[in-house]
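Data first, discussion second: the structure below is written as structure tokens.
Lettering follows sequence order; numbering is per chain, from 1.
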Amino acid sequence: MKKLTISLLLLPLMCALCYNCTDGKVETKIDDSLIENGIHVATGLAYDENFELVRALCTSCHSAKLITQNRATREGWKDMIVWMQKTQKLPDLSTAEPIVLDYLAKHYAPEDIGRRSNLDMESIEWYELSEEE
Amino acid sequence: MKHKRSKNIKSPKKQSPRSLSRRGFISKGTVSTVGFVLGAEMVFAKHFPKGLTPIGLLENDIADDLIGKHKDLIILNDRPVNAEAPPHLLDDNITPRDLFFVRNNGVPPTDINVDTWTLTIEGESAEKTKTYTLKDLKTKFKEHSYQITLECGGNGRSEYNPPAKGNQWSLGAVGCATWTGIRLRDVLEDVGVKDSAVYIGYYGKDTHLSGDADKKTISRGVPISKAMEDESLIAWSMNGEDLPMHNGYPLRLIFGGWPASCSGKWLEKIVIRDKIHDGPKMVGQSYRVPCETVAPGAKVADEDMCIIEEMPVKSLITYPRTGASIKLNQTLSIRGHAWCGSSAVSTTEYSIDFGATWEKCTLTKPANRHAWQHFNAKMKFPKVGYYEVWARATDEAGRSQPMIVPGWNPKGYLNNACHRIAVRVTAS
């Protein structure tokens with residue numbers, strides 16, 4: 001319920017921000033309140049109580065896709081934050097850092113995929129192929 | 001696994017042109033509001049550069065535009081744009097402009113004026129500093145066209161275990177286009193190259209994601225010997241038209257067989273260096289692999305990392321698309337491309353039994369050095385069931401593609417493991 005309230009509270013603010021950002025152009029956007037299977041659809045980020053903090057801190061400088069396509073341990077994510085601080089002007093995250101690291105390590109941990117994975121059977125769209133002339 | 005990972009990657013539903021320069025930032029005064037609403041202390045706010053206030057709440061609204069690119073490219077990252085083609089869309093012998101992968105490190109330049117665009121050559125080992133307009137380059141030097149394959153050094157990164165950070169490219173960060181321009185050698189010789197020359201480095205007009213005008217995103221290069229090759233070009237045309245915006249319009253470098261990051265885009269300056277070029281992404285761990293092989297997951301010190309030069313032999317099945325279902329009496333035709341970092345590919349084979357046996361494909365000769373070659377084969381299947389068709393290329397030096405992911409490296413470069421597609425054979 002709390003999450004819903006936050007989302008609702010944020011809606012008018014976000015509309016205002018969007019307007020500001022796009023110089024008033026009307027654009028088609030994914031509904032920001034849409035959550036499917038624990039994923040915030042508009043960003044692709046895992047949705048939990050620390051989602052908004054992570055979103056605010058990380059996506060002001062880079063795409064959420066840079067998070068969702070990567071996997072690392074807590075130490076690995078910490079290394080990336082240090083790298084961004086050294087080279088990309090990321091400021092000290094102070095008390096927010098452990099929260100962000102917990103979130104990343106929980107939702108984007110590496111899996112042991114071995115030396116070569118099976119083809120992902122779920123993603124294959126089977127189709128009838130007729131012989132070429 | 002790579003497919004599983006990519007499930008979370010959503011393509012922007014709709015994109016429309018807009019100013020790139022305002023991306024990601026809004027006027028001051030919102031950070032504290034956000035902090036208040038979230039109930040989170042925005043401890044970092046005061047550290048942000050003046051005038052640059054994070055928005056953070058607009059993720060689906062800030063995708064860079066994929067101007068001139070095919071809608072079915074897989075978008076790995078939208079700020080900066082990084083997008084690759086699914087293998088079956090790379091079936092053409094010459095990769096169409098809209099299907100050529102995009103690997104941007106920063107924000108492409110806007111408001112390009114080709115009448116005022118210049119290229120400056122300078123550096124410790126240049127006899128003098130010289131600046132050319134685009135017209136100078138197009139009229140003063142002899143024009144050359146080559147089919148040249150460019151592949152991202154990180155193509156295939158998604159399969160490394162433990163994972164490497166960065167864009168999780170799968171198979172399609174590669175393409176072969178007809179590039180037209182002039183030989184880099186001709187321009188360097190026109191300026192004059194001192195005997196002390198070791199390397200050339202490039203600078204492009206793309207800007208750093210942070211918005212800092214003084215910060216360069218990437219400035220790489222190649223040894224002077226590579227710069228002097230016939231096929232090393234300063235190019236302004238791709239497949240007979242101006243370069244696409246995301247592929248470096250109006251001017252870029254082309255170096256076949258080496259990581260595509262050597263082939264600088266939006267080219268405005270070349271430096272002739274008396275040492276190995278030391279621009280951003282030449283140093284540290286970028287585009288480097290361990291000088292000595294390491295165990296998976298090893299930490300490697302910067303000084304033990306060596307610059308990637310030639311890319312390894314590789315091939316891609318571009319027809320049919322994975323997931324083909326055929327009848328037992330049917331003949332399956334496959335085709336695709338094969339390429340390598342130097343010389344040429346000598347053989348391409350396929351296997352329908354997970355590498356137990358291999359059959360030769362028909363393989364064309366390259367149109368020129370660094371052009372990818374085309375293979376095809378026809379096959380029947382012994383009985384109904386699930387199959388995979390694997391392809392394997394071997395270069396003239398006898399080096400083949402491994403069936404497993406090759407030696408692990410910290411940044412996940414140079415995965416040239418065999419490509420395979422799924423095929424189902426049903427009763428006739």
Side-chain angles (χ1 to χ4, degrees), chain A residues 6 9-10 13-14 17-18 20-23 25 27-30 32 39 41-44 52-53 55-66 68-72 76 80 88-89 91-96 110-117 119-120 123-129 131-132, chain B residues 1 3-6 8-10 13-14 16 18-19 22 24 26-27 30 33-34 37-38 40-41 43-44 47-49 54-62 75-79 159 161-163 165 167-168 209-210 212 320 322-326 330-331 333 388 403-405 417 420 422 424:
Chain A
I6 289 176
L9 274 169
L10 284 173
L13 174 65
M14 285 183 302
L17 296 182
C18 292
N20 195 345
C21 183
T22 59
D23 295 337
K25 272 182 213 155
E27 309 222 348
T28 310
K29 290 182 217 64
I30 301 166
D32 196 79
I39 301 292
V41 177
T43 58
E52 294 290 3
L53 177 70
R55 178 194 210 185
L57 285 172
C58 302
T59 68
S60 53
C61 291
H62 61 75
S63 170
K65 290 184 171 66
L66 213 47
T68 55
Q69 64 169 319
N70 274 285
R71 297 290 182 274
M80 287 185 229
Q88 308 294 310
K89 299 187 164 186
D92 183 2
L93 300 182
S94 184
T95 52
E111 295 163 58
D112 187 355
I113 58 171
R115 200 69 194 235
R116 197 84 208 254
S117 299
L119 291 174
D120 182 4
S123 76
I124 294 177
E125 295 165 14
W126 292 99
Y127 62 100
E128 298 289 331
L129 178 70
E131 207 161 329
E132 278 202 324
Chain B
M1 186 58 216
H3 297 293
K4 278 180 193 157
R5 276 186 205 170
S6 65
N8 285 344
I9 300 170
K10 298 270 188 299
K13 290 281 183 285
K14 181 160 183 161
S16 56
R18 76 174 74 103
S19 161
R22 293 176 64 95
I26 55 164
S27 58
T30 49
T33 319
V34 172
V37 174
L38 300 180
E41 189 194 355
V43 288
F44 62 95
H47 302 299
F48 266 81
I55 42 168
L57 298 166
L58 301 169
E59 174 52 34
N60 66 321
D61 190 46
I62 51 180
I75 297 168
L76 302 179
N77 192 354
D78 45 33
R79 194 168 32 125
E159 288 195 288
N161 175 32
K165 87 177 172 83
N167 288 296
Q168 299 297 308
L209 282 182
S210 67
D212 183 344
T322 191
S325 183
I326 61 167
Q330 210 174 317
T331 298
S333 298
E388 290 175 11
M403 288 184 72
I404 59 168
V405 176
R420 80 274 208 201
R424 191 165 59 195

- [ ] Please report the shortest heavy-atom distance between A:Arg116 and B:Ile404, naming the atom on each side.
- [x] CD-CA, 4.0 Å

- [ ] Select one option (side chain, backbone, both, neither) describing which atoms of B:Pro320 are under 4.5 Å from chain A's heavy atoms.
- [x] both

- [ ] Using the test salt bridge (charged side-chain N to carboxylate O under 4.0 Å, His left out), find all partners of A:Arg115 that sit at least two apart in sequence or belong to another chain.
- [x] none

TODO: Measure from the side-chain N and O atoms of B:Gln330 to the backbone N and O of A:Leu129, and report whether any donor-acceptor pair falls under 3.5 Å.
DONE: yes

- [ ] Kindly write out the residues that satisfy side-chain contact (heavy atoms from CB on, under 4.5 Å) with B:Ala422, not counting sequence neighbours, or none if the list is empty.
- [x] A:Leu119, A:Ile124, A:Trp126, B:Thr322, B:Tyr386

Task: Which of B:Met403, B:Glu388, B:Arg424 touches chain A most, by non-hydrogen pairs under 4.5 Å - done: B:Arg424

Task: Gap separating the NE2 atom of A:His62 from the CZ atom of B:Arg79, nearest 0.5 angstrom - done: 8.0 Å

TODO: Take A:Gln69 and B:Lys165, measure what side-chain contact (heavy atoms from CB on, under 4.5 Å) needs, and give me the verdict at the end.
DONE: CA-CA 9 Å; A:Gln69 64 169 319; B:Lys165 87 177 172 83; over 6 Å; no

- [ ] Decide yes or no for A:Pro110 and B:Pro163: does some side-chain heavy atom of the first lie under 4.5 Å from some side-chain heavy atom of the second?
- [x] yes

Task: Member of B:Asn77, B:Asn167, B:Asp78 meeting the side chain to side chain donor-acceptor pair (under 3.5 Å) criterion with A:Lys65 - done: B:Asp78

